[in-house]
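In this text the structure is predicted, and so the values were computed from the model without any measurement.
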Amino acid sequence: MKRLYLILFCFLIVAQVSAQENKKRKPNAAYNKQNDANEKFLNKQWWLGFKAGTNLTDVHVTKTYSVFSPTNYSPDQSAKKYEHFKQPGAQATIEASFYFKKFYFSLQPTYQHSLFTYTNSYLWYDDVVPTNNLELNYEQEQKLDYFIIPLLIKYDIAGNKLRPYVQIGAFSAFLINANKQTTISGTDNASGGENNFTDPAIIVGAKDLFAKSSWGLIGGAGLNYTLGNVRLNLDAQYKLGMSNITSTKNRNSSDSLSGVGDILDDMTMDNISISIGCLFPMRFLANGFKSSDR
């Protein structure tokens with residue numbers, strides 16, 4: 001009989017332990033179910049934000065043009081020399097992105113102010129007395145304002161709180177305004193002595209000299225850092241121009257520039273930009289849900 005009591009006592013203990021385990025499993029199941037709902041929610045999200053930064057510009061000449069054509073020395077000596085990624089500009093962007101399972105489908109309207117510069121020089125001299133010469137040096141600075149509409153696909157490489165990403169896409173650029181500054185300096189050895197001079201800069205509106213629109217491709221990378229419900233963003237892009245930014249119709253329309261010997265080449269424009277900003281989620285689980293991105 002004692003053994004029977006002992007067996008019943010052990011059975012009661014096992015039954016009690018089993019009941020306790022069942023009680024523990026129910027909250028865990030509910031918790032996991034809530035986690036699954038959160039994860040499904042977090043796999044879809046709209047993000048809206050703002051970013052701004054600086055950019056550098058380079059141009060690739062597809063066909064050269066010149067007002068003057070030297071007859072007593074090689075034209076290469078007066079060819080334009082372009083500076084590459086030297087003059088800093090600025091840009092400001094509004095970003096609207098839809099996130100789905102590590103992919104972002106992003107529209108990023110951008111105002112972009114870009115600059116690029118080229119130089120060239122001409123030499124006139126007396127065939128009989130070569131020391132009697134005149135050298136003119138030209139520095140041409142272009143300032144271009146564009147409204148750019150990029151469409152991008154971004155992909156989160158890894159991470160939760162810190163999320164590096166890569167991106168690729170295309171853009172259309174619409175010219176808002178353009179200005180051109182020409183500075184002429186030189187050395188005059190033909191007036192009885194050496195005379196170095198710099199003329200006042202010529203600044204003209206040059207919007208008609210550039211194409212109204214252009215397009216290109218975008219590649220880049222970036223980093224998102226989650227701070228509460230907000231993402232802080234560091235973004236780098238390379239815009240590869242695919243179309244001519246010069247107006248072939250109005251190339252010779254500026255009498256001021258033609259008079260000082262300047263005419264635009266056919267060219268495409270590349271741009272490197274770095275921006276910082278922040279993104280805000282448009283959907284939330286609940287008021288108590290403190291981070292919409294874990």
Side-chain angles (χ1 to χ4, degrees), residues 54-70 75-76 78-93 108-122 136-151 169-184 199-219 237-273:
T54 187
N55 66 78
L56 297 172
T57 297
D58 186 24
V59 294
H60 299 277
V61 176
T62 57
K63 188 175 181 180
T64 59
Y65 290 86
S66 177
V67 173
F68 301 125
S69 180
D76 293 339
S78 59
K80 302 183 182 80
K81 298 178 179 63
Y82 288 83
E83 295 181 343
H84 305 287
F85 299 115
K86 189 172 182 179
Q87 299 292 331
Q91 74 279 341
T93 300
Q108 301 185 13
T110 300
Y111 166 79
Q112 179 177 293
H113 177 71
S114 300
L115 298 85
F116 69 91
T117 302
Y118 62 84
T119 60
N120 63 321
S121 60
Y122 296 101
L136 295 178
N137 302 309
Y138 293 78
E139 181 177 280
Q140 318 278 357
E141 183 183 66
Q142 284 67 218
K143 299 180 180 180
L144 305 174
D145 297 322
Y146 283 101
F147 176 63
I148 299 176
I149 302 178
L151 290 173
F171 70 91
S172 293
F174 302 92
L175 185 66
I176 299 174
N177 193 29
N179 290 294
K180 186 175 177 67
Q181 176 176 302
T182 302
T183 303
I184 305 173
D199 292 340
I202 301 171
I203 303 175
V204 298
K207 184 177 180 180
D208 291 341
L209 301 180
F210 291 91
K212 294 181 179 179
S213 62
S214 56
W215 73 279
L217 304 175
I218 301 178
Q237 296 182 358
Y238 189 99
K239 297 183 181 73
L240 177 66
M242 300 297 291
S243 61
N244 186 13
I245 65 169
T246 301
S247 172
T248 57
K249 178 182 178 181
N250 299 323
R251 191 191 311 276
N252 300 299
S253 62
S254 176
D255 294 336
S256 299
L257 296 175
S258 298
V260 296
D262 181 64
I263 188 172
L264 287 177
D265 296 329
D266 286 345
M267 65 189 85
T268 60
M269 185 171 74
D270 295 353
N271 185 271
I272 296 174
S273 64

K.L.:
For the OG1 atom of Thr117 and the NZ atom of Lys143, what is their distance to the nearest 0.5 Å?
P.N.:
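Separation between the atoms: 9.5 Å.
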
K.L.:
Residues in side chain to side chain donor-acceptor pair (under 3.5 Å) with Asp270, at least two apart?
P.N.:
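Only His60, Tyr238 meet the side chain to side chain donor-acceptor pair (under 3.5 Å) criterion with Asp270.
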
K.L.:
Just verifying a value: how many Å separate Ile245 CD1 and Phe116 CZ, rounded to the nearest 0.5 Å?
P.N.:
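Here the interatomic distance stands at 4.5 Å.
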
K.L.:
Among all residues two or more places apart in sequence or in another chain, which pass the side chain to side chain donor-acceptor pair (under 3.5 Å) test with Thr93?
P.N.:
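Thr93 satisfies side chain to side chain donor-acceptor pair (under 3.5 Å) with Thr110 only.
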
K.L.:
CG/Asn177 to CZ/Phe210 distance, rounded to the nearest 0.5 angstrom?
P.N.:
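CZ of Phe210 is found 10.5 Å from CG of Asn177.
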
K.L.:
Counting N and O atoms only, with roles assigned by atom type, does the side chain of Thr57 sit under 3.5 Å from a partner on the main chain of Phe85, one being a donor and the other an acceptor?
P.N.:
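Checking the backbone N and O of Phe85 against the side chain of Thr57, no donor-acceptor pair under 3.5 Å is found.
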
K.L.:
So which atom in Gln91 and which in Asn55 form the shortest heavy-atom distance, rounded to 0.1 Å?
P.N.:
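Nearest heavy atoms, Gln91 then Asn55: OE1-ND2, 2.9 Å.
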
K.L.:
As a quick check of understanding, evaluate side chain to side chain contact (heavy atoms under 4.5 Å, CB included) for Gln87 and Gln142, giving each step before the final call.
P.N.:
CA-CA 10 Å; Gln87 299 292 331; Gln142 284 67 218; over 6 Å; no

K.L.:
Between atom CG of Asp199 and atom OG1 of Thr182, what is the distance when rounded to the nearest 0.5 Å?
P.N.:
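It comes to 11.5 Å.
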
K.L.:
Where is the tightest heavy-atom contact between Leu115 and Pro88, given as atom of each residue plus distance?
P.N.:
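Leu115 and Pro88 have their closest heavy atoms at CD1-O, 3.3 Å.
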
K.L.:
Kindly compute the distance separating CG (Asn271) from CD1 (Ile148), expressed to the nearest 0.5 Å.
P.N.:
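Atom-to-atom, Asn271:CG and Ile148:CD1 are 7.0 Å apart.
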
K.L.:
Compare every heavy atom of Asn120 with every heavy atom of Lys80, then report the nearest pair and how far apart it is.
P.N.:
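Heavy atoms of Lys80 and Asn120 come nearest at CA-CB, 3.9 Å.
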
K.L.:
Could you tell me if the side chain of Ile176 sits less than 4.5 Å from the side chain of Tyr111, heavy atoms only?
P.N.:
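The answer is yes; the side chains approach within 4.5 Å.
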
K.L.:
Where is the tightest heavy-atom contact between Ser214 and Tyr146, given as atom of each residue plus distance?
P.N.:
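Reported closest heavy-atom pair: OG-CE2, 4.4 Å.
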
K.L.:
Hey, can you tell me if Tyr82 and Tyr118 have their rings parallel, tilted or perpendicular (30° and 60° cut-offs)?
P.N.:
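Tilted: the ring planes of Tyr82 and Tyr118 meet at 30° to 60°.
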
K.L.:
Within the distance-only criterion (no hydrogens, no angle test), does the side chain of Thr54 pair as donor or acceptor with the backbone N or O of Gly89 below 3.5 angstrom?
P.N.:
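Checking the backbone N and O of Gly89 against the side chain of Thr54, a donor-acceptor pair under 3.5 Å is found.
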
K.L.:
In chain order, what residues pass the salt bridge (Lys or Arg N to Asp or Glu O under 4.0 Å) check against Lys207, with sequence neighbours excluded?
P.N.:
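Partners of Lys207 under the salt bridge (Lys or Arg N to Asp or Glu O under 4.0 Å) test: none.
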
K.L.:
Give me the atom names and distance for the closest heavy-atom approach of Gly205 to Asn179.
P.N.:
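Shortest heavy-atom separation between Gly205 and Asn179 comes out as CA-OD1, 3.7 Å.
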
K.L.:
Which pairs, with at least one residue in residues 171-181 and sequence neighbours excluded, count as a salt bridge (Lys or Arg N to Asp or Glu O under 4.0 Å)?
P.N.:
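Sorted result for residues 171-181: Lys180-Asp262.
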
K.L.:
What's the spacing between Gln108 CD and Gln237 CD if we round to 0.5 Å?
P.N.:
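These two atoms lie 5.5 Å from each other.
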
K.L.:
How close do Met242 and Gly216 get, counting heavy atoms only, and between which atoms?
P.N.:
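Answer, listing the atom of Met242 first, then Gly216: CG-CA, 3.7 Å.
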
K.L.:
Applying the side chain to side chain contact (heavy atoms under 4.5 Å, CB included) test to Asp265, which of Thr246, Thr62, Val59, Val61 qualifies?
P.N.:
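So, applying the side chain to side chain contact (heavy atoms under 4.5 Å, CB included) to Asp265 and each of Thr246, Thr62, Val59, Val61, only Val61 qualifies.
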
K.L.:
Is any side-chain heavy atom of Leu209 less than 4.5 Å from a side-chain heavy atom of Ser247?
P.N.:
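Leu209 does not reach Ser247 side chain to side chain.
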
K.L.:
Closer than 3.5 angstrom, by distance alone: can the side chain of Gln181 be matched with the main-chain N or O of Ile203 as a donor-acceptor pair?
P.N.:
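It does not hold such a pair.
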
K.L.:
Who passes side chain to side chain donor-acceptor pair (under 3.5 Å) against Asp58, sequence neighbours left out?
P.N.:
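In terms of side chain to side chain donor-acceptor pair (under 3.5 Å), with neighbours along the sequence ignored, Asp58 is linked to His84.
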
K.L.:
Checking Asp266 now: which residues fulfil side chain to side chain donor-acceptor pair (under 3.5 Å) with it, not counting sequence neighbours?
P.N.:
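Per chain and number, Asp266 pairs via side chain to side chain donor-acceptor pair (under 3.5 Å) with Asn244, Arg251.
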
